[in-house]
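Residue numbers start from 1 in every chain, and the chains themselves are labelled A, B, ... in the order their sequence lines are given, proteins ahead of strands. Just so you know, these numbers come straight off a predicted model, no measurement behind them. Every heavy atom of this structure was used, including side-chain atoms; hydrogens, water molecules and symmetry mates were not.
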Amino acid sequence: MTTTLVLGAVAYDAKVVTIWDGFQRWFDAQGLPFDYVLFTNYERQVEQHFAGACHVAWNSPLAWLEAQRVARARGRTAKAVAMRDTDRDLTSVIVVRADGPIRSLDDLRGKRLGVGAGDSPQATLIPLQHLAERGVVPERDLAVQRFDVLVGKHGDHVGGERDAARALMQGSVDAACMIDGNHLQFTREGTLPHGATRVLAQTAPYDHCNFTVLDDAPTALIERFVALLLGMRYDDAAVRPLLDLEGLKAWQPGRTTGYALLERACERTGWLQPFLRRLGAA
Amino acid sequence: MNRTAIDLGGLGLDQGAIVLLRQALAAMAPGDRLAVSGTAPALLVHLRAFARAEGHGFEPGPADSSATLVRGTAASARWQQAERAGSASADGTVAHAPPHWGLAARGAAVEAGSPAFHFDLADRDALWCDDAGELYRRAMAGQWDPAQAIPWDAPRHHPAFVEAALVQVLTYLIENETAALIVPARFAARVHPHFREVMQLLAIQAADEARHIEVFTRRALLAGLPLGLSTCGGQTSLQTLVDEPEFALASFLLSVLGEGSFLHLLGFLHVHAPDRCTAEIMRLAAQDEARHVAFGMAHLTRHAALDPTLHGRLRVAVERRHAALQHTAGLNAEVFDALVLLAARELTPAGIARGHAAVAELQQQMDAGRRARLGKLGFGDDTAALLSSLHTRNFM
Ligand SMILES: [Fe+2]
Ligand SMILES: [Fe+2]
């Protein structure tokens with residue numbers, strides 16, 4: 001019988017080791033034997049999740065959709081059991097230069113749009129879907145320039161968004177996509193000088209990462225894992241550094257109502273197909 | 001549930017409006033609502049991101065340029081387990097300062113989970129004296145600038161052998177001052193900053209010694225002679241001082257016995273200085289040393305009153321050091337002779353007799369001074385006489 005809960009996570013940054021080492025110590029102290037495996041990309045993580053390498057996967061929204069589709073194809077079920085408070089109700093924005101001629105989405109026709117990594121939900125797939133649903137179809141109506149930093153990590157690394165923002169200021173693109181919070185961060189840090197950009201469009205709210213489990217996960221361990229997560233309090237000095245590192249104030253129960261926009265983006269672009277085909281799930 | 005409103009005007013969240021929001025939210029209770037309005041571009045985009053990142057709820061509207069933040073719990077949660085690091089006043093110290101108070105100002109609210117610093121001198125009884133703050137202020141007020149305070153250009157008319165003797169004495173003083181700098185500097189880094197007045201005192205004591213090194217060196221070089229001799233015996237004696245790891249014992253050996261003896265030596269050099277520059281250096285250095293002695297006496301007197309074992313340990317420290325040094329030469333002959341020559345001022349039997357008598361009297365004064373201070377620390381006459389006699393013949 002399994003007694004140690006094994007988590008899968010993608011190493012998008014060296015701090016991922018610090019984070020999960022810290023969680024391992026804390027879970028152990030709470031009486032939950034815990035271990036983790038790291039993958040260099042989400043596709044490997046999803047594939048290995050189904051191969052039994054981990055019980056729970058810390059999935060990007062795109063990886064969640066991948067897991068869900070593979071599960072469906074194999075007659076299995078995937079479930080989102082928990083997420084960060086900061087994974088809920090994100091929006092992305094499309095920004096242009098404040099002194100430029102672009103005033104509406106229609107003005108984007110024929111222009112160059114800078115996006116993040118090709119597999120970034122927040123900086124690429126979702127904002128492009130936002131445009132497509134408003135009649136401005138990427139690649140057809142405007143040129144899309146990708147700033148691919150760490151492909152396979154689904155845009156977890158902020159570098160692609162920052163590169164797109166820089167390109168906007170340098171004039172090599174006419175508009176750039178980023179999460180609302182990164183627009184605030186880029187203006188505060190000066191990557192985007194104050195007043196130099198205008199928010200042209202803001203997407204509908206969507207959700208980000210979740211802890212995904214499959215139907216064969218060890219129920220008692222998962223229940224204990226989720227109960228411990230939901231019980232982590234920001235006023236507890238022992239867990240606060242972990243929450244700060246992982247970028248949240250409180251864990252929330254998993255919900256899957258916030259992925260529709262991304263799902264439509266995947267359907268429109270067929271983004272998931274190569275991966276699903278490779279896993280025999282297309 | 002309170003409802004408050006804030007108008008940010010044209011100020012953006014990237015321009016500091018976050019400070020206004022945090023101030024407003026800090027004054028509210030979790031669940032309270034803050035209506036935010038403003039005209040900055042991207043205001044609502046940034047408000048949503050800010051609220052998410054800081055754990056507050058976000059509701060857009062009612063107007064295009066307004067939103068409501070619902071105060072979350074995280075902002076105050078960080079400080080719920082915070083603890084006051086004693087209180088800022090002079091009598092606000094605690095008996096034992098815990099490692100996790102670290103570098104925090106005494107009296108500050110320290111966030112729980114702060115890293116532990118390993119200051120091993122964290123017990124008040126082992127280092128504190130009640131007038132430490134006053135001693136520090138006095139030391140600060142007593143600082144002097146060598147460029148202003150010393151008459152470097154004062155005339156020098158003494159013979160060459162007197163200058164050579166002075167340079168030898170100064171060479172000896174410099175290495176002693178170096179030991180007297182290193183010892184408090186090391187302990188300053190080991191004292192828990194909670195006892196900030198003691199840390200500050202040790203720091204300014206080290207600064208005093210730095211100045212002494214400076215002026216002794218500058219005076220020694222004034223006539224163009226090379227520096228004098230440094231002996232094995234002198235350095236071995238100082239090494240036993242520098243290597244003493246226990247604060248009370250090091251302070252006893254350095255400040256009470258060593259710097260106490262130096263008070264007399266500097267007084268002697270002031271009187272027998274061959275020029276006004278040297279005389280003034282010795283007078284000012286002696287002023288500083290008097291404070292160093294006063295602090296050592298003050299905290300050891302308090303410590304001895306609280307810890308009945310201290311007298312025994314101080315005694316053992318002197319005996320141990322004496323045993324370690326008994327096969328060394330003690331005060332080097334060059335320094336002894338130089339002191340005699342300085343007081344003699346002439347190379348004649350009568351002059352040397354005067355100088356020799358003066359140095360003998362100096363050593364008696366040093367002994368009497370040590371016995372008086374040992375008496376003040378609570379040692380009986382016999383023990384005081386014994387310990388004074390066992391003190392290093394190197395003076396420091
Ligand atoms: Fe000194
Ligand atoms: Fe001193």
Which of A:Arg88, A:His183, A:Arg233, A:Gln185 touches chain B most, by non-hydrogen pairs under 4.5 Å: A:His183
Any side-chain heavy-atom pair of B:His46 and A:Val93 under 4.5 Å: no
Which heavy atom in B:Arg52 sits nearest to a heavy atom in A:Leu90, and how many Å separate them? NH2-CA, 3.2 Å
Main chain of A:Ala237, side chain of B:Gln81: is a donor-acceptor contact present, judged purely on distance under 3.5 Å? yes
In this structure, are over 12 heavy atoms from other groups packed under 6.0 Å from B:Asp64 atom CG? no
Interface residue of largest heavy-atom contact number with chain B, from A:Glu189, A:Arg188, A:Gln202, A:Arg240, under 4.5 Å: A:Arg240
Under 4.5 Å heavy-atom distance to chain B, tell me which part of A:Asp89 shows up: side chain, backbone, both or neither. both
Can you name the closest pair of heavy atoms from A:Leu184 and B:Asp14 and give their distance? CD1-N, 4.0 Å
Testing the basics here: between A:Gly181 and B:Ala49, what is the closest heavy-atom pair and its distance to 0.1 Å? CA-CB, 3.3 Å
Which of the residues A:Leu192, A:Val199, A:Thr187 is involved in the greatest number of heavy-atom pairs with chain B at under 4.5 angstrom? A:Thr187
Proximity breakdown for B:Ala74 and chain A, heavy-atom pairs closer than 4.5 Å: both
Option that, when pairs with chain B are counted at under 4.5 Å, heavy atom only, ranks first among A:Asp85, A:Leu243, A:Thr91: A:Thr91
Quick one: what part of A:Arg198 sits under 4.5 Å from any heavy atom of chain B, side chain, backbone, both or neither? neither
What is the distance from atom CG of A:Asp180 to atom CG of B:Leu44, rounded to the nearest 0.5 Å? 11.0 Å
Under a 3.5 Å distance rule, please check whether A:Lys249 uses its side chain to pair with a backbone N or O of B:Ala53 as donor and acceptor. yes
